[in-house]
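Down below is the structure, laid out as C-alpha cells.
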Amino acid sequence: MSFLTGLLEFLKDVLSEPALLIGIMAFIGLIALKSPGHKVFTGTLGPILGYIMLGAGADFIVSNLEPLGKMIEKGFHIQGVVPNNEAVVAAAQKILGVETMSILVLGLVLNIVIARFTKFKYVFLTGHHSFFMACLLSAVLGASGLNGTMLIIIGGFLLGAWSAISPAIGQKYTMKVTDGDEVAMGHFGSLGYYLSAWVGKKVGNPEDSTEKINIPEKWAFLRNTTISTALTMVIFYLVAAVAAGPEYVASISDGLSPYLFAIMSGLKFAIGVAIVYSGVRMILADLIPAFQGIATKIIPNAIPAVDCAVFFTYAQTAVIIGFVFSFIGGVIGMLILGVAGGVLIIPGLVPHFFCGATAGIYGNATGGRKGAIIGSFVNGLALAFLPALLLPVLGELGFANTTFGDIDFTVIGIFLGQAGNLLSVTGIYAVVAVVVLILLIPNFIKTKSISINNYEDTNM
C-alpha cells in the first residue's frame, strides 16, 4: 500500500466517523472563540461522546429491528428487495474503493469552501452519509463514462455542493421544527422530510400539534415517550411473532420463549430510542455554542447540518406516528408495485423508522397531526417507489438485488443515471453546469439563514 493510499484510507476513516467530524468542528469553533483550554477540551469531547451515545442507541434500535423484519417476511410471506445503504456500499467498495475515498475527502473540503464563499452557509456533519453519497457518485459517474481524475473532481464537487444545498432547500421547514434553534438537516433523506413538510402545510394546521394531544389522567403515563414507544413496539413485535409462528420465532430467539422474545425486543427498542434522545441532548448542548466560533470567525453565519436523529427530541410523539404511517405507506407501495408487476421493495424498518420518524416531525411542524400522518405516509410511498426506480441503474453497475433506501440517494442516482444514459458524459457536464449556476445565483434557493448571534440577541 502506497503512502498516499494509506493517507487517503486514514482520512476516509476519520471523516466518515460523524462523532469525530462533529468533534473537529466543535474544536475549531472553540479555538476560533479563543476559549480557555478546559472549555476547549470539554466542548470538544461532549459532542463526540454525545454522537457515540446516539450511535449506540441507533445500533441497539437496528439490532432489534432485524428480527422484527425477519418475522414480518416469514409471517406474511413477503419476498423481494430490502433497500439497504450499507449493502450497496459494501459491494461498491470492492470495485470503486479509491474513487470513493477521493470523492469523500474532496467533497468534504469543497463543502467548507462553498459554505465560506457562497450564500449556502451549511456545513454537513453526518460523515457516514457523505461516505454513502461518495460511493453512489463514484458508481453512477463511472457508468456514465467518467474515470480517473475527472471522475473524482466532478464527484467531489457534486458531493460538496449537495452537502451545502440540501440543507438550504428546506431550512424554512427546519426552523419551524426547531423553533429557531440554529441547526439544519444534514441527512440524505432530506427531500422526503421537506416533501412531508410541504404536504403537511397543505393538509393540516401546525397549531394542532401531535405534542398537544390531550390524554386522560389515567393514560397520562403515555406522555412518557419511552413508555409509549415501548407499548407501541411491543404490539408490533407480538403481531409479527403471531404471524411468523412460534417455531420460527424460536429459531431466532436463542431459545427464549417466542412471545417473551417479542415483548423483550419491543422494550429494548424503546431503550434504544431513549439512548438516542440522551445523545442528542449532549450533542446540542456543546455543539451550538462551539459553532459560534465557526459562524463568526471562519465561515460567517455558518450553520451545522446534523443527523436526522438530532431532531427527534423536538416532537417525540411525532416520531412514533411518523414511523408507523411511513411503514404503512411502504407496505401499500409494495403492494402497488406487486400489482404493477414491478420488483417488490420490502419496507426496510431501519429507513422507515429513522426517515419516517423525521418525516413525521416535519409534517407535524407545518400541519400538526394530519401533517405528521399524511406527510410520513407520502414519505413511505416514496421509500417504496424511488428505490424500485433506482434498481435498474444499480443493476447495470453490477449491484443487482440491492438498492439505496434514503430518498436523496435514489433521486440523485436516478437523475444522474438518466443524464448519463441519454447524453453520456455530456449529460453529467450539463448537470455540473446547472449546479454551478445554483451556487452562483443564490436566490435560486432562498436559504433564509440567520446568524446564531442575531438569533440569540433577539431572543434574550
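All values below come from the heavy atoms of this structure, side chains included, with hydrogens, waters and symmetry mates left out.
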Could you work out, with ring pair (Phe, Tyr, Trp, His ring centres under 6.0 Å) as the rule, every residue matching F236, not counting sequence neighbours? F323

If the condition is ring pair (Phe, Tyr, Trp, His ring centres under 6.0 Å), which residues does F124 pass it with, not counting sequence neighbours? F188

Working note: I112 + V123, criterion side chain to side chain contact (heavy atoms under 4.5 Å, CB included); need CA distance, chi angles, decisive distance, verdict. CA-CA 6 Å; I112 300 292; V123 180; 3.8 Å; yes

So, the side chain of E182 versus the backbone of I303: is there a donor-acceptor pair under 3.5 Å, distance only? no

With sequence neighbours left out, what residues match Y314 under side-chain hydrogen bond (donor to acceptor under 3.5 Å, both in side chains)? D181

Looking at every heavy atom in both T44 and G23, which two are closest together, and how far apart are they? CG2-O, 3.4 Å

Taking T126 for the side chain and G186 for the main chain, is one N or O donor matched with an acceptor at less than 3.5 Å? yes

Working note: F377 + L381, criterion side chain to side chain contact (heavy atoms under 4.5 Å, CB included); need CA distance, chi angles, decisive distance, verdict. CA-CA 6 Å; F377 177 79; L381 290 175; 3.7 Å; yes

With distance as the sole test, does E99 use its side chain to make a donor-acceptor pair with the main-chain N or O of A139 at under 3.5 Å? no

Side chain to side chain contact (heavy atoms under 4.5 Å, CB included) between V273 and T226, intermediate numbers included: CA-CA 7 Å; V273 173; T226 303; over 6 Å; no

Go through the structure and list residues passing side-chain hydrogen bond (donor to acceptor under 3.5 Å, both in side chains) with T174, not counting sequence neighbours. Y362

Report all side-chain donor-acceptor pairs from residues 363-375 shorter than 3.5 Å, counting only partners two or more places apart or in another chain.
from, atom 1, to, atom 2, distance (Å)
N364, OD1, T210, N, 2.8
N364, OD1, T210, OG1, 3.3
N364, ND2, S209, OG, 3.4
T366, OG1, A197, O, 2.6
T366, OG1, K201, N, 3.2
T366, OG1, G363, O, 3.4
R369, NE, D208, OD1, 3.2

Looking only at non-hydrogen atoms, find the nearest pair between A290 and A26 and report the distance. CB-O, 3.7 Å

If we only count heavy atoms from C-beta on, is the I169 to S190 side-chain gap below 4.5 Å? no

Who are the side-chain contact (heavy atoms from CB on, under 4.5 Å) partners of L33, not counting sequence neighbours? S35, Q292, T296

Which pair of heavy atoms, one from M133 and one from I412, lies closest together, and at what distance? CE-CD1, 3.7 Å

Shortest non-hydrogen contact between K121 and R116, atoms and distance: NZ-O, 3.2 Å

Shortest non-hydrogen pair, V276 vs F312, comes out as CG1-CD2, 4.3 Å

Can I get a per-line list of side-chain donor-acceptor pairs under 3.5 Å for residues 52-63, giving both atom names and the distance, sequence neighbours left out?
from, atom 1, to, atom 2, distance (Å)
S63, OG, D59, O, 3.3
S63, OG, F60, O, 2.8

After noting the C-alpha distance and the side-chain angles of H128 and F131, does the key distance pass the ring pair (Phe, Tyr, Trp, His ring centres under 6.0 Å) rule? CA-CA 5 Å; H128 66 292; F131 178 47; 9.5 Å; no

Test side-chain hydrogen bond (donor to acceptor under 3.5 Å, both in side chains) applied to D286 - qualifying residues, sequence neighbours left out: none

I would like to know whether L386 and F409 meet side chain to side chain contact (heavy atoms under 4.5 Å, CB included); could you show each step before the answer? CA-CA 9 Å; L386 291 174; F409 296 119; over 6 Å; no

For L68, check side-chain contact (heavy atoms from CB on, under 4.5 Å) against everything at least two apart and list the hits. L65, M71, I72, M233, Y237, A240, L349

Write out all pairs satisfying side chain to side chain donor-acceptor pair (under 3.5 Å) with one or both partners inside residues 384-394, taking only residues at least two apart or from two chains. none

Would you give the length of the straight line joining atom CG of D307 to atom CE of M185, rounded to the nearest 0.5 angstrom? 8.0 Å

Donor-acceptor pairs under 3.5 angstrom involving side-chain atoms of residues 150-166: please list them, not counting sequence neighbours.
from, atom 1, to, atom 2, distance (Å)
W162, NE1, D408, OD2, 3.2
S163, OG, L159, O, 2.7
S166, OG, W162, O, 2.8

For a quick test of your reading: what N or O donor-acceptor pairs under 3.5 Å do the side chains of residues 352-359 make, sequence neighbours left out?
from, atom 1, to, atom 2, distance (Å)
H352, ND1, S326, O, 3.1
H352, ND1, S326, OG, 2.8
T358, OG1, F354, O, 2.7

